[in-house]
Visitor: 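The structure that follows is given in the form of structure tokens.
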Protein chains: 4
Amino acid sequence: MPKVSEEYKQQRKKHILKSAEACFAEKGFRETTVDDIVEHSKTSKGTIYIYFKSKEDIYFELIEEKFDESLENYFSSVRKFNTAEEKLRYIIKFQKNLEFTEEEQKFIILQIETNMYLLRKGDSEQVMIERLGRISTFLEEILNEGISNGEFKKEINATVFSKMFWSIQDGLLVRTASKELANHHKPIWDLVEEMMFDYLKA
Amino acid sequence: MPKVSEEYKQQRKKHILKSAEACFAEKGFRETTVDDIVEHSKTSKGTIYIYFKSKEDIYFELIEEKFDESLENYFSSVRKFNTAEEKLRYIIKFQKNLEFTEEEQKFIILQIETNMYLLRKGDSEQVMIERLGRISTFLEEILNEGISNGEFKKEINATVFSKMFWSIQDGLLVRTASKELANHHKPIWDLVEEMMFDYLKA
Amino acid sequence: MPKVSEEYKQQRKKHILKSAEACFAEKGFRETTVDDIVEHSKTSKGTIYIYFKSKEDIYFELIEEKFDESLENYFSSVRKFNTAEEKLRYIIKFQKNLEFTEEEQKFIILQIETNMYLLRKGDSEQVMIERLGRISTFLEEILNEGISNGEFKKEINATVFSKMFWSIQDGLLVRTASKELANHHKPIWDLVEEMMFDYLKA
Amino acid sequence: MPKVSEEYKQQRKKHILKSAEACFAEKGFRETTVDDIVEHSKTSKGTIYIYFKSKEDIYFELIEEKFDESLENYFSSVRKFNTAEEKLRYIIKFQKNLEFTEEEQKFIILQIETNMYLLRKGDSEQVMIERLGRISTFLEEILNEGISNGEFKKEINATVFSKMFWSIQDGLLVRTASKELANHHKPIWDLVEEMMFDYLKA
DNA sequence: CATGAATGAGTCTTCATTCAT
DNA sequence: TATGAATGAAGACTCATTCAT
């Protein structure tokens with residue numbers, strides 16, 4: 001006989017998570033204090049510790065949520081296209097069209113930092129590899145689809161190509177987080193696109 | 001121990017830096033305490049503050065030293081080759097042959113974290129962009145050399161290609177830091193190499 | 001203990017201030033550690049930093065409070081008298097009758113030290129001069145009152161006399177802080193009284 | 001068979017003391033570091049600890065020296081005058097004519113702080129009281145001289161008057177250290193002079 | 001005697017977490 | 001459930017003093 005509905009509690013948690021995201025993006029995990037989150041979320045320290053068992057816990061839930069949410073959206077919008085080429089071109093187009101606002105850049109930084117954090121902790125095996133695997137598999141399927149139906153040449157190693165692709169994407173993301181490349185990444189993606197399709201269809 | 005040679009002092013500093021590197025690589029900047037460095041270096045807190053004015057100072061000197069040192073070695077070994085193609089192939093080969101020990105992987109993580117840290121602080125403009133610029137220019141020169149002497153096709157935009165190349169390298173490095181890709185990056189570099197030369201010489 | 005009344009918090013702050021006073025009086029500002037205050041107040045370091053933002057902050061609030069509080073009481077008790085002579089004699093009598101306990105002597109020392117501290121910092125202009133001004137003006141008014149109604153002679157420069165008076169008071173206070181003069185100051189005040197009134201009414 | 005002459009050593013000590021004086025006056029005892037004194041004296045930490053056994057020791061020797069030196073000079077210049085009145089007027093004139101440079105004001109602050117420091121330590125009985133006694137006695141003698149030869153009236157209590165005089169002097173000094181009264185003390189001394197001689201000769 | 005590098009106890013301050021209300 | 005006051009362990013940094021050269 002809970003006093004408040006489950007839905008209410010979910011909503012409350014989401015609200016805190018949103019605040020935490022803003023804070024972490026702004027200052028990073030270590031530099032963000034629980035008080036920062038309290039202030040941003042207009043709740044209280046006690047409340048936060050009702051919904052999360054530690055600051056680290058907030059961080060993990062945030063990453064989990066953020067990642068899964070955006071990834072599923074992404075996958076499904078890609079799947080709407082018919083041919084493998086269209087799908088791949090859409091993926092590239094999506095990256096190309098990302099307009100990185102200050103805020104988004106900060107979130108990218110946060111994501112990269114998080115990866116490094118996880119890598120260091122060695123927990124990565126469980127979490128990260130599974131994720132990278134999912135993304136990799138997603139592209140592999142598209143590539144294999146293209147190979148089967150003759151869009152792409154037979155010699156392609158879909159696994160390797162997929163890993164390469166996401167590595168490139170990662171690299172461009174890292175650079176994009178910096179001001180140097182920020183919003184100048186389009187010509188690079190153009191080049192990548194040209195080069196890749198030359199290879200895939202040669 | 002007074003009236004000690006400049007050389008001795010340099011050595012002492014280097015020793016502390018070495019210890020700091022190990023600690024930072026192990027736990028990251030924020031999680032490493034000065035006491036960790038004290039313990040690892042078998043010196044004392046006071047001594048560390050003779051040679052460095054803050055924990056952050058150690059960090060920056062470390063990054064600086066590590067980076068500049070390795071970069072210059074790298075550049076000069078590349079320049080030994082005659083043709084542009086040889087040079088580029090050597091660069092790729094170099095990346096391909098990197099055998100990342102546990103320790104080196106940790107240092108890569110540290111470097112990436114550092115970049116993120118700098119990006120967040122906004123101090124990055126001075127330091128990082130200059131560095132990325134140096135690396136980018138280095139490859140641009142090689143590419144232009146190849147274009148002039150007919151090794152590579154005329155249509156290549158050396159600036160864009162160079163940026164792309166290093167982004168890919170970055171991306172692979174990030175992934176390599178993870179256990180997933182660790183020491184499985186050779187086939188990916190093979191693919192990159194094939195694809196790139198196809199494009200450059202088409 | 002959450003959601004606590006403003007009054008409760010004021011009380012808590014006062015309690016810490018009381019402890020700090022005892023510690024500062026005992027050992028001086030610099031020699032007093034925050035841990036001393038913690039121990040004396042039976043609270044915790046954290047609590048102290050909830051109510052004050054630094055050790056210096058405690059010090060200033062203490063001085064401020066102590067000073068303003070006692071000064072206003074003093075002024076109002078003096079104003080109760082009718083004639084200027086009565087007022088001035090009361091002021092002197094008040095000084096004369098001060099029985100300096102060990103503790104009060106220590107607080108006098110603290111006050112003098114504080115003045116020196118402020119003087120050195122140069123922040124004194126704002127705070128101290130304003131205070132000295134208030135005290136000086138207070139006596140000037142009494143003197144002018146006495147001059148107007150014929151109690152005192154016309155030739156008196158109220159401003160100079162006032163400053164002299166408080167300097168004497170200061171000097172006697174400094175000496176009183178020492179054991180030498182402690183509680184032997186009455187005959188000196190008698191002499192001062194005699195001499196002053198001889199002059200004022202000559 | 002000392003390696004260096006006693007005179008050399010005395011000179012060295014004096015030099016360090018001079019530097020310490022400047023530093024203590026500038027920043028106070030606690031805020032002055034041994035390194036400050038090292039830098040100012042252009043010697044070394046080791047050297048300082050040859051001549052003094054602690055930072056506090058420097059402080060005490062400084063106070064001792066400074067005080068005794070100036071006091072003896074002062075006494076002897078006063079004694080040159082013939083009558084008690086001349087002597088007392090000279091003392092007042094001396095105070096009146098003090099032109100307090102920034103530096104001298106700082107040294108006054110240091111002296112006052114030192115007194116407070118000594119008072120707190122309870123060592124005051126030995127050192128300070130003896131000093132205050134010497135000064136007090138000095139003036140008592142002058143006053144008694146004046147009483148004996150009819151310059152001053154018989155009813156004067158030389159001991160009390162003397163203590164009062166130095167208290168006034170102390171008070172004016174404290175105030176003079178502040179910017180408020182700085183170099184505006186002459187009219188006050190004029191008033192004190194007038195009032196005192198009115199009393200002494202009445 | 002002179003030097004200054006080394007030391008480490010001692011400071012202030014922060015902040016994640018708890019728990020009484 | 002919600003609150004926010006209380007806690008204290010932990011961290012960065014300082015500096016008087018020592019002592020090998």
Visitor: Can you check the B:E39 CD to E:dG8 C1' distance for me, whole Å?
Guide: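 It works out to 15 Å between those atoms.
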Visitor: Rounded to whole Å, please give me the gap between CD1 in D:I50 and C1' in F:dA20.
Guide: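 Taking atom C1' of F:dA20 as the reference, CD1 of D:I50 is at 13 Å.
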Visitor: Could you tell me the separation between the NZ atom of D:K14 and the CD atom of D:E21, rounded to the nearest 0.5 Å?
Guide: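 If I round to the nearest 0.5 Å, the distance is 11.0 Å.
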Visitor: To the nearest 0.5 Å, tell me how far D:M116 CE sits from C:T114 OG1.
Guide: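 OG1 of C:T114 is found 11.0 Å from CE of D:M116.
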Visitor: Are any of the side-chain heavy atoms of B:D57 and B:Y49 separated by less than 4.5 Å?
Guide: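 No - every pair of side-chain heavy atoms lies 4.5 Å or more apart.
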Visitor: Walk me through it: do D:K106 and D:E103 pass the test salt bridge (Lys or Arg N to Asp or Glu O under 4.0 Å)?
Guide: CA-CA 5 Å; D:K106 278 179 181 164; D:E103 212 161 85; over 6 Å; no
Visitor: Taking only Watson-Crick and G-U wobble pairs with both distances under 3.5 Å, what dot-bracket line describes DNA chain F, where [ ] shows pairs that cross earlier ones and | shows pairs with another strand?
Guide: .||||||||||||||||||||
Visitor: Pick one: which of D:T32, D:D36, D:T33 meets side chain to side chain donor-acceptor pair (under 3.5 Å) with D:K27?
Guide: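 With D:K27 as partner, side chain to side chain donor-acceptor pair (under 3.5 Å) holds for just one option, D:D36.
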Visitor: Could you tell me if the side chain of A:K13 sits less than 4.5 Å from the side chain of A:E61, heavy atoms only?
Guide: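 Sidechains of A:K13 and A:E61: in contact.
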Visitor: With a 4.0 Å limit, can you tell me whether B:Y51 has a side-chain N or O closer than that to the phosphate oxygens OP1/OP2 of E:dA5?
Guide: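 No, B:Y51 has no side-chain N/O under 4.0 Å of OP1/OP2 on E:dA5.
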Visitor: What is the distance, to the nearest angstrom, from the CD atom on B:E6 to the P atom on E:dT3?
Guide: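 For the pair B:E6 CD and E:dT3 P, the rounded distance is 18 Å.
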Visitor: For B:F24, which of B:Y117, B:F60, B:F29, B:F107 qualifies under ring pair (Phe, Tyr, Trp, His ring centres under 6.0 Å)?
Guide: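 Among B:Y117, B:F60, B:F29, B:F107, the one meeting ring pair (Phe, Tyr, Trp, His ring centres under 6.0 Å) with B:F24 is B:F29.
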Visitor: If I take atom CD1 in residue D:I48 and atom P in nucleotide E:dG4, what distance separates them, rounded to the nearest angstrom?
Guide: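 Those two atoms, CD1 and P, are 12 Å apart.
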Visitor: Enter the distance from C:Q105:CD to D:R120:CZ here, rounded to the nearest 0.5 Å.
Guide: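 Rounded to the nearest 0.5 Å, the CD-CZ separation comes out at 12.5 Å.
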Visitor: Closest approach to the side chain of C:K9, judged atom by atom: which nucleotide of E:dT3, E:dG8, F:dA5 is it?
Guide: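 Closest nucleotide to the C:K9 side chain: F:dA5.
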Visitor: In whole angstroms, how far is the C1' atom of E:dA16 from the CD1 atom of A:I58?
Guide: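 It is 10 Å, rounded to the nearest whole Å.
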Visitor: Closer than 4.0 Å, any side-chain N/O of C:Y8 to the OP1 or OP2 of F:dA6?
Guide: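 Checking C:Y8 against F:dA6: at least one side-chain N or O falls below 4.0 Å of OP1 or OP2.
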Visitor: Where the side chain of D:R12 is defined as all heavy atoms beyond and including C-beta, which of F:dT3, E:dA2, F:dT1 is the nearest nucleotide?
Guide: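 Nearest nucleotide to the side chain: E:dA2.
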Visitor: Along nucleotides 10-17 of chain F, 5' to 3', which nucleotides get a B, which get an S, and which get a -, given that the test is a protein heavy-atom distance under 4.0 Å?
Guide: -SSBBBSB
Visitor: With heavy atoms under 4.0 Å as the rule, sort D:F52 into base, sugar-phosphate or nothing.
Guide: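 The answer is nothing, as D:F52 stays clear of every strand by at least 4.0 Å.
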Visitor: Atom CD1 of B:I37 and atom C1' of E:dA6: how far apart are they, to the nearest Å?
Guide: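 Taking CD1 of B:I37 and C1' of E:dA6, I get 17 Å after rounding.
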Visitor: For B:I16 and E:dA6, what is the distance between atoms CD1 and P respectively, to the nearest whole Å?
Guide: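 Rounding to the nearest Å, CD1 of B:I16 and P of E:dA6 are 8 Å apart.
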Visitor: For the residue pair C:I48 and C:I58, establish whether any side-chain heavy-atom pair is separated by less than 4.5 Å.
Guide: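 The answer is yes; the side chains approach within 4.5 Å.
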